[in-house]
Amino acid sequence: MAKVDIKQFKTSNGGTKTVYTRQSLDQQQATQQPTMQVVRSTTIQRATGQQMEIPTQANPEVSVQQAVKNVDMGQALSVDLPSRFVFYSFKDLYIKPMRNIHRAKLAAAYQMQAVRPVVEVIDSLLSTSDGQTGLAYQLTEPDFNYLMYWIRIHFFTTVPFTIKAKCTNPEHIKQVEEGKKHKSTLNIVQTINNLVPESKFLPKDYVPDFSQYMPSFKGVDNPPEYFEVAPPSYNDIIELTEDDYFLIDQKDPATGKVEKVPNTAYVYLVNAAAMLRVPGMSLRDRAKLIGDMDDVDYDKLVQASKSIPEYGVNEIVKLKCKECGAVRQVRARLDAHSFFPDL
């Protein structure tokens with residue numbers, strides 16, 4: 001038998017792909033004895049007890065047979081993300097319908113004014129074909145917000161999403177002040193049936209490359225041995241909202257009322273720290289590390305964030321006052337309160 005030149009390559013799912021050159025393939029076929037007539041593949045599969053691998057729609061590189069091991073295919077729906085998964089090690093995502101137990105937890109999240117319970121609810125609905133967990137915590141903010149809208153659109157179509165605002169038309173406000181119109185006429189209540197469907201996805205050919213933004217840690221004592229530059233995850237947002245350093249008390253000079261406001265100095269450090277990932281290091285510790293770095297490294301990390309093309313849901317909607325016809329733009333943001341109007 002003639003020697004056949006065979007090349008083997010590893011595929012993305014861990015298998016092996018064998019490739020023949022045209023010459024070597026002809027040599028191999030010439031040395032083989034005639035075989036019986038080819039029959040339908042389904043007949044072969046029945047005879048050998050094998051199943052044909054069917055690719056999933058969410059990730060063609062993963063078969064349905066593989067996905068079903070980690071995904072409830074009877075309930076879950078596949079969803080794409082505005083980032084096209086370029087920032088994650090998982091490459092597909094499935095969502096199960098939200099139930100009343102999840103709705104109850106959202107009500108508790110609103111009462112506590114907490115972000116973590118909302119993320120816990122979303123995370124409990126998510127799965128991926130490779131079995132990874134903690135998916136919601138890994139998502140970037142634009143992807144997470146997109147999922148909130150996606151769930152609201154697909155699983156709660158009968159519950160209206162209402163946006164409330166005040167008319168800012170100076171003439172209308174003047175008429176109210178003069179008593180010509182009731183102040184309630186300034187209220188704008190509008191139901192958004194499709195929840196701001198306009199979403200921007202990253203370009204298909206976009207490949208994140210932050211190599212030019214790598215910090216040097218010049219002058220830093222004990223710099224981290226392992227780190228990467230990557231966009232902030234939603235876990236970073238949870239850490240920020242739960243950090244005592246994030247909000248500080250500030251007295252309003254006009255009213256004398258003390259309110260919680262963002263700590264500007266801390267937010268300045270977090271803007272760069274969120275782009276720096278160090279194994280085992282919290283956001284606060286990374287912010288402290290940023291404080292020890294020079295301005296060159298700080299600017300690199302901030303520029304790395306700005307280098308990412310814009311993506312996600314466009315949350316700016318136009319509302320029209322029914323009384324005077326004036327149009328204003330407002331930001332419609334889904335949270336634990338606005339997810340359902342009766343919470």
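In this text, all values refer to a predicted model and were calculated from it rather than measured experimentally.
At least one side-chain heavy atom of S216 sits under 4.5 Å from a side-chain heavy atom of D297. Residues N235 and Q138 form no side-chain contact, since every pair of their non-hydrogen atoms from C-beta on lies 4.5 Å or further apart. Contact of the E120 side chain with the K105 side chain is registered, since non-hydrogen atoms from C-beta on lie closer than 4.5 Å. Taking 4.5 Å as the limit, some side-chain heavy atom of V118 sits within range of a side-chain heavy atom of M148. Side-chain contact between R99 and P97: present, with at least one pair of heavy atoms (C-beta onward) separated by less than 4.5 Å. Side-chain contact check for L77 versus I95: every heavy-atom pair is 4.5 Å or farther apart. You'll find the side chain of M112 reaches within 4.5 Å of the side chain of P117, heavy atoms only.
Summarising the geometry of A272 relative to V302, their closest heavy-atom pair is CB-CG2, 4.4 Å, with the distance given to 0.1 Å. When all heavy atoms of P231 and M275 are compared, the closest pair comes out as CA-SD, 3.6 Å. Taking both residues in full, the closest heavy atoms of F246 and L240 are given as CB-O, 3.2 Å, listed atom of the first, atom of the second, then distance. Taking every heavy atom of both residues into account, K96 and S124 meet most closely at CE-O, 4.0 Å. A pairwise comparison of heavy atoms in P215 and L276 identifies CG-CD1, 4.2 Å as the closest pair. Contact between G312 and P142 at its shortest, heavy atoms only, is CA-CB, 4.1 Å.
K181 and Q175 share a side-chain donor-acceptor pair at under 3.5 Å. Of the N and O atoms on the side chains of Q132 and D130, at least one donor lies less than 3.5 Å from an acceptor on the other residue.
Ring pair Y298/Y268 is parallel by interplanar angle, where below 30° counts as parallel and above 60° as perpendicular. Classification of the F85-Y88 ring pair by plane angle, with boundaries at 30° and 60°, yields perpendicular.
Between R284 and E239 there is no salt bridge, since no side-chain N of the basic residue sits under 4.0 Å from a carboxylate O of the acidic one. Salt-bridge formation is detected for the pair K260/D249: a Lys NZ or Arg NE/NH1/NH2 atom is positioned less than 4.0 Å from an Asp or Glu carboxylate oxygen.
With rounding to the nearest 0.5 Å, the separation of CG in L247 from CD in E259 is 11.5 Å. Here OG of S282 is found 10.0 Å from NZ of K288. Values are rounded to the nearest 0.5 Å. A distance of 7.0 Å separates CG in L93 from OG in S127, rounded to the nearest 0.5 Å. Remark: M214 CE to L301 CG distance equals 9.5 Å, nearest 0.5 Å. For the atom pair R116 CZ and I237 CD1, the distance stands at 12.5 Å (nearest 0.5 Å). Rounding to the nearest 0.5 Å gives a distance of 8.0 Å between CG of L126 and CZ of F90.
Y311 and Y206 have their aromatic ring centers separated by at least 6.0 angstrom. Side-chain rings of Y266 and Y245 approach one another, their centers coming within less than 6.0 Å.
Exactly one of F217, Y213, F210 qualifies for a ring-ring contact (aromatic ring centres under 6.0 Å, His included) with F227. That residue is F217. Checked against P208 for a side chain to side chain contact (heavy atoms under 4.5 Å, CB included), the options I308, V86, L202, V229 give a single hit: V86. Just one residue in the list K166, E323, H182, K322 forms a side-chain hydrogen bond (donor to acceptor under 3.5 Å, both in side chains) with N187, and that residue is K166.
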(request) Assess whether side chain to side chain contact (heavy atoms under 4.5 Å, CB included) is satisfied between V115 and Y234, documenting all intermediate values. (result) CA-CA 10 Å; V115 175; Y234 221 80; 4.0 Å; yes

(message) One pair to check against side chain to side chain contact (heavy atoms under 4.5 Å, CB included): L319 and V327. What are the steps and the verdict?
(response) CA-CA 6 Å; L319 302 182; V327 177; over 6 Å; no

(request) Before giving the answer on side chain to side chain contact (heavy atoms under 4.5 Å, CB included), spell out for K200 and N314 the whole-Å C-alpha distance, their side-chain angles and the decisive distance to 0.1 Å. (result) CA-CA 8 Å; K200 198 171 194 177; N314 177 16; over 6 Å; no

(message) side chain to side chain contact (heavy atoms under 4.5 Å, CB included), that's the test. Do T140 and F87 meet it? Break it down for me.
(response) CA-CA 8 Å; T140 62; F87 302 122; 4.0 Å; yes

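Under a hydrophobic clustering in which Ile, Leu, Val, Met, Phe, Trp and Tyr are joined whenever their side-chain heavy atoms come within less than 4.5 Å, directly or via other members, L186 and V330 fall into different clusters. Hydrophobic clustering (ILVMFWY, side-chain heavy atoms < 4.5 Å, transitive): L139 and L283 are in distinct clusters. Under the 4.5 Å side-chain contact rule for hydrophobic residues, L106 and Y137 share a cluster. Note on L289: it does not cluster hydrophobically with V270, by side-chain heavy-atom contacts below 4.5 Å among ILVMFWY residues. Both I122 and L135 belong to a single network of hydrophobic side chains, linked directly or stepwise wherever heavy atoms of I, L, V, M, F, W or Y lie under 4.5 Å apart.
A 6.0 Å sphere centred on CG of N222 holds no more than 12 heavy atoms belonging to other residues, nucleotides or ligands. For E225, the CD atom counts as loosely surrounded, since its 6.0 Å shell holds 12 or fewer non-hydrogen atoms of other residues, nucleotides or ligands.
Although no hydrogens or angles enter the test, the distance criterion places no donor-acceptor pair under 3.5 Å between the side chain of N100 and the main chain of R103. Checking side-chain atoms of D143 against main-chain N and O of S83 turns up a donor-acceptor pair under 3.5 Å. Between the H172 side chain and the N169 main chain, no donor and acceptor come within less than 3.5 Å of each other. Judged by distance alone, with hydrogens and angles left aside, the side-chain atoms of R328 form no donor-acceptor pair with the main-chain N or O of C321 at under 3.5 Å. In this structure, D236 contributes its side chain and S233 its backbone to a donor-acceptor pair below 3.5 Å.
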